[in-house]
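The block underneath contains the structure these notes are about, expressed in structure tokens.
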Amino acid sequence: MEPMSLLITTCVLFVGSHLLLSHPLRDPLAGRLGSRGFQIVYSVVAFATLAMVVQAWRGMPPEPPLWAVDDPLWALASLLVLVASILFMGSLIGNPALPAPGAAFAAQKAPRGVFAITRHPMMWGFALWALAHALVMPTPGQLVLSAAIAFLALVGSAGQDGKKARLMGDAWRHWAARTSFVPFARQVAGVTPWGDAIPRAHALAGGFVLWLAATWAHGALGFMAAGIWRWIG
């Protein structure tokens, strides 16, 4: 199989298996295997298909970029990754979407910080991360990989809304009514004050540290220098 065909095939397997196991097949399999058995199957399939994507990606031949990449584009991509890191770190505390015992209680709180921006900050963080990589490495292979990650994050989030409404009932429906799927949609509509969307201290500090560490590791591991390290060395 040609390298690009293999990359597309493995991305489809990774995204498709994840969506199928997360939504239509979740209840039937969990009913037969039990919660723990299902988690084992889910994890094995996820890691196996991800490994296939990584292997296919490594097998891609050098490709010319589809557009020129200059410092302003790198600065934009670095800013997007910083925002993605803040969204990700902010999503780890008080997130009703996470499978935690206190999810229903968390959904009763007023949305603040990253949750006033979007009810799916983690998934939008992944999507922004994918967009940033596509901007500064505009090869056909990277665009396929970034599109797969962004598609999984955003379509998975939309599916999660339905799943959580079924599992959590009114707790999630009330949370969804007070939050938005698209970032800053409620602020633009004048429903939620812009001040509510200021990320909390743990999101800002944690996101900044994650961004510094991840962009430093990007260059240290032999990839292109990223973030501020691209300019300060």
Side-chain angles (χ1 to χ4, degrees), residues 7-8 10-23 26 42-43 45-54 56-57 76-100 103 111 113-139 141-164 176 179-185 197 199-200 202-204 206-215 217-218 221 223-224 226-227:
L7 179 62
I8 293 173
T10 55
C11 284
V12 170
L13 286 174
F14 174 66
V15 173
S17 62
H18 190 98
L19 293 177
L20 286 172
L21 289 173
S22 296
H23 302 292
R26 185 183 188 92
Y42 184 93
S43 299
V45 172
F47 281 114
T49 53
L50 178 59
M52 293 169 63
V53 171
V54 171
W57 169 249
L76 173 60
S78 298
L79 179 61
L80 288 175
V81 174
L82 175 58
V83 173
S85 300
I86 292 171
L87 289 173
F88 177 81
M89 294 303 292
S91 74
L92 299 179
I93 298 177
N95 188 353
L98 294 179
V114 297
F115 301 111
I117 297 173
T118 172
R119 62 177 167 274
H120 295 292
M122 182 182 292
M123 296 298 118
W124 276 99
F126 291 147
L128 289 177
W129 177 90
L131 174 60
H133 281 73
L135 288 176
V136 296
M137 193 177 177
T139 62
Q142 180 61 57
L143 295 183
V144 168
L145 183 61
S146 291
I149 293 171
F151 181 86
L152 176 58
L154 300 183
V155 174
S157 296
Q160 188 180 62
D161 278 342
K163 180 175 69 177
K164 288 293 182 179
T179 56
S180 64
F181 184 92
V182 177
F184 297 112
R200 300 295 180 88
H202 72 274
L204 290 172
F208 187 71
V209 170
L210 175 62
W211 177 72
L212 283 178
T215 51
H218 205 274
L221 293 175
F223 300 102
M224 291 182 292

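This structure is a prediction, so every number in the text was calculated from the model and none was measured.
Two residues are said to be in side-chain contact when any heavy atoms from C-beta on lie closer than 4.5 Å; C11 and F151 fail this criterion. Proximity of V45 to L21: side-chain heavy atoms (C-beta onward) are separated by under 4.5 Å at one or more points. Counting heavy atoms from C-beta on, the side chains of L19 and V155 come closer than 4.5 Å. Contact annotation: the side chain of D161 approaches that of R119 to within less than 4.5 Å [non-hydrogen atoms, C-beta and beyond]. Side chains of W124 and V83 form no contact here, defined as non-hydrogen atoms less than 4.5 Å apart.
Interatomic distance, M224 CE to H133 NE2, rounded to the nearest 0.5 Å: 8.0 Å. With rounding to the nearest 0.5 angstrom, the OG atom of S157 is 10.5 Å from the NZ atom of K163. Atom CD of Q160 sits about 8.0 Å away from atom CG of L98, to the nearest 0.5 Å.
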For residues 141-148, please give each side-chain donor-acceptor pair under 3.5 Å, one per line with the distance, not counting sequence neighbours.
residue, atom, partner, partner atom, Å
Q142, NE2, S146, OG, 2.8
S146, OG, A130, O, 3.0
S146, OG, Q142, O, 3.1

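Qualifying ring-ring contact (aromatic ring centres under 6.0 Å, His included) partners for F47, counting only residues two or more places apart in sequence or in other chains: none. Under the ring-ring contact (aromatic ring centres under 6.0 Å, His included) criterion, F184 pairs with W194, sequence neighbours left out. In this structure, the side chain to side chain contact (heavy atoms under 4.5 Å, CB included) partners of P199, at least two apart in sequence or on a different chain, are I86, V114, A203, L204. Under the side chain to side chain contact (heavy atoms under 4.5 Å, CB included) criterion, I93 pairs with H202, sequence neighbours left out.
Among all heavy-atom pairs drawn from F115 and P121, the shortest one is CE2-CG, 3.7 Å. Across all non-hydrogen atoms, the minimal contact from A116 to P111 is CB-O, 3.8 Å. Nearest heavy-atom pair, S180 versus I117, reported as atom, atom and distance to 0.1 Å: OG-O, 3.3 Å. Among all heavy-atom pairs drawn from P138 and V136, the shortest one is CD-C, 3.4 Å. When all heavy atoms are compared, the tightest approach of H23 to G159 is CE1-C, 3.2 Å. Scanning all heavy atoms of the two residues, the minimum distance from W211 to G227 falls at CZ2-CA, 4.1 Å.
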_For L128 and L87: C-alpha separation, side-chain torsions, deciding distance, then whether side-chain contact (heavy atoms from CB on, under 4.5 Å) applies._
CA-CA 10 Å; L128 289 177; L87 289 173; 4.0 Å; yes

*asked:* What verdict does the side-chain contact (heavy atoms from CB on, under 4.5 Å) test give for L135 and L76, after you've listed the backbone C-alpha separation in whole Å, the side-chain angles of each residue and the deciding distance to 0.1 Å?
replied: CA-CA 9 Å; L135 288 176; L76 173 60; 4.1 Å; yes

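Among pairs with a residue in residues 10-22, those fulfilling side-chain hydrogen bond (donor to acceptor under 3.5 Å, both in side chains) read H18-Y42, S22-Y42, at least two apart in sequence or across chains.
Using the six-membered ring where Trp is involved, F181 and H120 have ring planes that are perpendicular, over 60° apart on the 30 and 60° scheme. Using cut-offs of 30° and 60° on the angle between ring planes, the pair F88 and F126 is tilted.
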